[in-house]
Amino acid sequence: MTATDRASRLEALQERTRYESAEVESRVFERWDQSGIFAPGDEGDEYSIAIPPPNVTGALHMGHALNGTIQDTLIRMHRMQGRRVKWIFGTDHAGIATQVQVEKLLASEGSSKQEIGREAFNERVWEWRREYGSTIVEQFKRLGASADYGDERFTMDDAYAKAVAHVFVALHEKGLIYRDNYMVNWDPGTRSAISDLEVEQRVMEDHLYEIDYPLASGGGSMTIATVRPETMLGDTAIAVNPHDERYTRLIGEEAILPLVGRRLKIIADDYVDPEFGTGALKITPGHDPNDFEIGRKHGLEELTVIGEDGRMTEAAGEPWAGMTADEARTAVVSQLRDEGLISAERPYTHDVPHSHRSGMRIEPLISLQWFCNMGELAGPAIEVVQDGRVRFHPERPWKKVYLDWLENIRPWCVSRQLWWGHQLPVWYCDPCEQTIVAEVAPESCPKCDGELRRDPDVLDTWFSSALWPFATLGWPEQTEALEAFYPTNVLSTARDIIFLWVARMVMMGMEFTGQVPFADVNIHSVIQAPDGRRMSKSLGTGIDPLEQIDAHGADALRFGLLAMSSSQDVRFSEEKIKQGQDLANKLWNASRLILLRVEDVDAAPMPETVEDRWILSRMERTTARVTELIASYDFSHAVLELYSAFWGELCDSYLEMVKPRLYSEDADRSALSATLLHVLERILTLMHPVMPFATEEIWSFLPPRDGEPRGLLATEPWPEPDSSRIDQAAEALVDGAIEAITAVRAQRDDLGVPVGARIPARLDAGGLDAVAPLIADMARLEFTDEGGEAAARVAVPGGVIELMAAEGVDAASAQERLEARRRELEAEITRAEGKLANKKFVERAPDEVVQAERDKLADYQRQLDQLD
RNA sequence: GGGCGGUUAGCUCAGCUGGUCAGAGCGCCUCGCUUACACCGAGGAUGUCGGGGGUUCGAGUCCCUCACCGCCCACCA
C-alpha cells in the first residue's frame, strides 16, 4: 500500500461514521483466508483444540455460536502469543440424525430406503453430504471462527473409518467388546437399540392395575400391581420379598397366569418392596430391566412377547399376536375385567423412559447386540481427573459429576440397527457358526472357505466421536500432525455431553494413545430462551445466531455471548448483543478520532502528562487482567474488563482529557500521537480475540511500522505486561481528578449551569494541585485565587472545590446538594464511630480492619469540616 | 428416591477465601445534536441481597430450616 493509498483510505474513513459490520466481515474474512492464518504456522509450541464436531445435518445454533466464540477466542489469543496453533475442524456423520434427513428426502420423492436398498441409500447420504454438508462450515466462518478449514475432517472419512475399525477390533481382542443377548433400550421410533445415555425419563399419566393371579393350589389368589398389563403375557414368575410374612408360606408354590394359563413359580427376592402395591411382583424377564435381572438370577425363562416392530409376537399367543402393544393392553385389560380379575385400578403418575432420538416410549426387550464393557477403560479415565492431568473448568461440580458417572459405569450397547454409519467390522459364517472380527474384510470363511455375511449393524455415532481428538490427526498412523498436536490443550463444550462424549474420549484416549486427549475441559453455560425455557427448534424457542449476525454483526454476537455466559445457565438477552454492537461502533469511532487527528509517527509512546502516564499504566493492568481471565476461561469477566477499560477509561476519560492537545494546530503533536497510537494498538490487540472483524479492519488504517504497511492483526504478537509502565502515582492523581470532575459536574447540573459555560472556582485540595488544569478543563472551571463568596462547595478527594457565584449559578439550589452530602457524611461518621465504640470490634477484628475504619472516620470528618 | 444449582435494582446478570460489595449493561428520569460516535455525551433515581432462625465484633458472603424455580442421576412394579 502506497502512502497516497493510505491517504485516500483515511479520507474515506472520515465519511464512515458508523461501523458497518456486514460490509467489513466478508472482506476481512477473505483476507484471513487468503493469507493462510487458519492453518498452523511453522514455529512455536503447539496449541490445539479439537472442535466438538457439529452434525453434518446441522445448522448453526446458539450453542455452536457460543462454543465457537469461546474456542476462537482461545485460538486467536494463543496464535497471537506465538503458539503454533491448530483448531481441528470437521463434522460428525451423526448416524440417526442424518439417516432421518435422507429418509425424509426419499419420502418426499415417494421412495424409501427399503425400496432402494442399503447400498443406494448410503450413496444418497453421501450425495446429500456433498450438497448440504458444507452449510454448517460456512456458518462457522460467518462467526469469524479461525479453524483449520483446509484440513477438514469427517467421521466417515476412509482414514477415520480405519481408526474406528482398528479400535473395535482391538477392544474385541481384549475381550472388552462382545456380543450378547441382553436387555436393551429398544427405540421403536428408529427401530434400533440405543444406549442408556440416549434415554430420557418423561413423566407420564398411566394406570396402575391390580390383577389377581389364582394360586395353582386352588386356595385363593395373589394380587400383583402393574402399569403394563400387556406384558403379563410374558410373565414367568411372581416374586415376593423373602421377609414378607404375608407371603412366606407361598414361596415355592405356583400361581396360574390369567388368560394364558401358564404356571408361574412364586420366588423370593430382596428386590421386591413389601410396601409397594400389594408386595407381590409379576416377573417379565423379557420386557422389564429389573425383571430381567431377577430372571437371570433365578434362571427364569425369558419370553419375548413384544417384537422389535412394537407388535405382540407369536409367543404372546392368540388373539394378541400381531397387535400393537397398546392394542394388546386394551384387549388384555378388557378380558381381565370380563373375568373379574382386576381388583383395583387407579391413575398413576410415574417416569417412563423415552428415546431421546425419536421421542418414542422405550420398549425394553432382549436383543442380540454388541456391547462394550467399560469398567476396565474407566479406571485410567478416573485416575487422570483425580490427579489433575485433566482439569475441569469450573472444577465444581463437573469433576464430581464426571467421576461419579465413571465410578458406576455400565456396559455400553454400541450396535445400532441403522444403515448410515460405521458398519461393524464383523462377519459371520452361518454354516460353521464362525464370527470373524477383523479390520480388513476377510475373503471367505477361514474354516470352510464358505461365503461370509457381514453384520448389518453400525456403531453408535458416539463410538467414533470418542476417537475424535486423535483420529482426526491420522491415528493409528504416527503422523506428524499427531506428534505435534496431540494431546490437544482444551476441550470446550456444554455439560450435556460430559458422559456421552467427554468421558468416552478420555477413556479411548488413555486406552489407545496412553495420553489424555486434552488437558483442560471447559464447560460453558447453556443459553436458554429469553423466557427461561430450553432453546429448541421443536419448541419454537430457538434464536438463529445468523439472524443476530445480520442484525448486529458477528463481533457483537461474540461479545454478547461471552458477556452473557458464565458457569451458570443464562437467558439469552439480545440487549447484550446490542451492547456488543454499540461497543464495535464506539471502537470504530474512537479509532477514527485517533487515526484522523494523529500525526504519522512510528515511535514508542512518549508520555508528556500525568494522564498519559495514567492511561499507559491502566493499559498494562488491563493487559495483565484480560490475559489472565481468558487463560482461566473466565470469558464474561474478560469481556467486561475490556468494555470498561475501553469505554470508561480510554473514551470517557483519556480521549476527553487529550482533546485540547489533539486539536491544537500549532503544537507539536508527535509525542501525543505516539502515545495515542500505542494505546489504540494495545486496545485493538486485546480486543481482537473477542471482536476480530472490527479490530482487524481498524488495524488496516494504522500508519506503517518500520516503513512497512501493517500486516494482519490476527498474527500480531500478544503484548507481555510491561511493569515499567505501571505508575501508581499517576493513577492515584488521575483517579482523584476523575472523582473531582464527576462531583463538580453533578453540582453544576444541580445548579443549572449551562454545560458549555466556564465558571470561576477555587481549588482547596492539596493532593489535586498537580491535576488542577485537567480538572479545570474537564469540569469547565476557571481556577482563581481570588476571594469572594462561594456559591457552592463540592467535596472532592482531599478537600473541596468552591464554585464562585457567576452568571447562571443559582446559589440557593446549591445548598440542597451540600446538605445531602453533609447528611451522607454524618451518617457514615455515625456508623464508623459506632463501630469503633464497640469494644468487641476493636478487640477482635484484625488490626488493619480497625485501622481502616479509623482512617475512614478521619477522612469523613475532614470532608465534613471542609464543607463548613 | 438421591445429588446439584438458582432465588441480588423494572429486565438480564456480576459479586473470590465474611469487614467501602450493594455493582454492571439495558430500561427509566433530567439536560445536551459541544469539531470520534445520538449505536453519543453529562448527571440522576431505584434493592430491608426469597422467608425464618443461628454463628460472629461484623453476613448476599458461613451453618440450619422453609418456600418456590431449574438441572442431573436412579431398576420401585
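Nothing here was measured: the structure is a model prediction, and the numbers come from that model. Residue numbers begin at 1 in each chain, while the letters A, B, ... track the order of the sequences.
Donor-acceptor pairing under 3.5 Å, judged by distance alone, is present between the side chain of Asp351(A) and the base of rA74(B).
Arg597(A) comes within contact range of no nucleotide atom at all, as no heavy-atom separation falls under 4.0 Å. Residue contacts for Val842(A): at a heavy-atom cut-off of 4.0 Å it reaches no nucleic acid atom on any strand shown. Among the protein residues, Phe292(A) comes within range of no part of the nucleic acid, since none of its heavy atoms lies under 4.0 Å from any strand. Nucleic acid contact class of Tyr348(A) (heavy atoms, under 4.0 Å, all strands): sugar-phosphate only. Within the nucleic acid shown, Phe559(A) has no heavy atom closer than 4.0 Å to any nucleic acid atom.
No side-chain N or O of Glu230(A) forms a donor-acceptor pair with one of His287(A) less than 3.5 Å apart. Side-chain polar atoms of His356(A) and Glu198(A) form no donor-acceptor pair below 3.5 angstrom. Judged by distance alone, the side chains of Ser525(A) and Asp569(A) never bring a donor and an acceptor atom under 3.5 Å apart.
Look at NE2 on His637(A): it is 14 Å from P on rG25(B), rounded to the nearest Å. Atom P of nucleotide rC72(B) and atom CD1 of Ile498(A) are separated by 12 Å, given to the nearest angstrom. Atom C1' of nucleotide rU30(B) and atom CG of Asp749(A) are separated by 7 Å, given to the nearest angstrom. We find that CZ of Arg534(A) is positioned 13 Å from P of rG70(B), with the value rounded to whole Å. What separates CH2 of Trp405(A) from P of rG2(B) is a distance of 24 Å, to the nearest Å. Rounded to an integer number of Å, the gap from Met232(A) CE to rA77(B) P is 19 Å. Computed from coordinates, the Asp531(A) CG to rU12(B) P distance equals 11 Å when rounded to whole Å. When rounded to the nearest whole Å, the span between CZ of Phe499(A) and C1' of rC73(B) equals 7 Å.
Figure legend. rU46(B) is base-paired to no nucleotide; pairs are counted as Watson-Crick or G-U wobble with both atom distances under 3.5 Å. Nucleotide rU61(B) forms no Watson-Crick or G-U wobble pair with any nucleotide shown, as no partner meets the under 3.5 Å limit on both distances. rA67(B) is paired with rU7(B) under the criterion used here, namely a Watson-Crick or G-U wobble arrangement in which both key atom distances are under 3.5 Å. Applying the Watson-Crick and G-U wobble criteria (two distances, each under 3.5 Å), rC40(B) pairs with rG32(B). Shown here, rG23(B) forms a base pair with rC13(B); the pair counts as Watson-Crick or G-U wobble because both key distances fall under 3.5 Å. When Watson-Crick and G-U wobble pairs are counted only if both distances are under 3.5 Å, rU56(B) pairs with no nucleotide at all.
Taking the six-membered ring wherever Trp is involved, the centroid distance between the rings of Trp398(A) and Tyr402(A) does not fall below 6.0 Å.
Phosphate proximity of rG41(B) to Lys586(A): present, with a side-chain N or O under 4.0 Å from OP1 or OP2.
In this structure, of rC76(B), rA42(B), rC39(B), it is rC39(B) that holds the atom nearest to the side chain of Arg18(A). Among rU34(B), rC75(B), rC72(B), the nucleotide with an atom closest to any side-chain atom of Val755(A) is rU34(B). Comparing atom distances between the Lys578(A) side chain and each of rA74(B), rC39(B), rC37(B) picks out rC39(B) as nearest.
Checked for salt-bridge contact, Glu363(A) and Arg228(A) meet the test: a charged N lies under 4.0 Å from a carboxylate O. Between Asp582(A) and Lys578(A) there is a salt bridge, since at least one side-chain N of the basic residue sits less than 4.0 Å from a carboxylate O of the acidic one.
With its glycosidic angle within 90° of 0, rG60(B) adopts the syn conformation.
Along RNA chain B, the nucleotide nearest to Gln528(A) and the one nearest to Leu583(A) differ in position, and the one closer to the 5' end is contacted by Leu583(A). Residue-to-nucleotide proximity on RNA chain B shows that, of Ser591(A) and Tyr643(A), the 5′-proximal contact is made by Tyr643(A).
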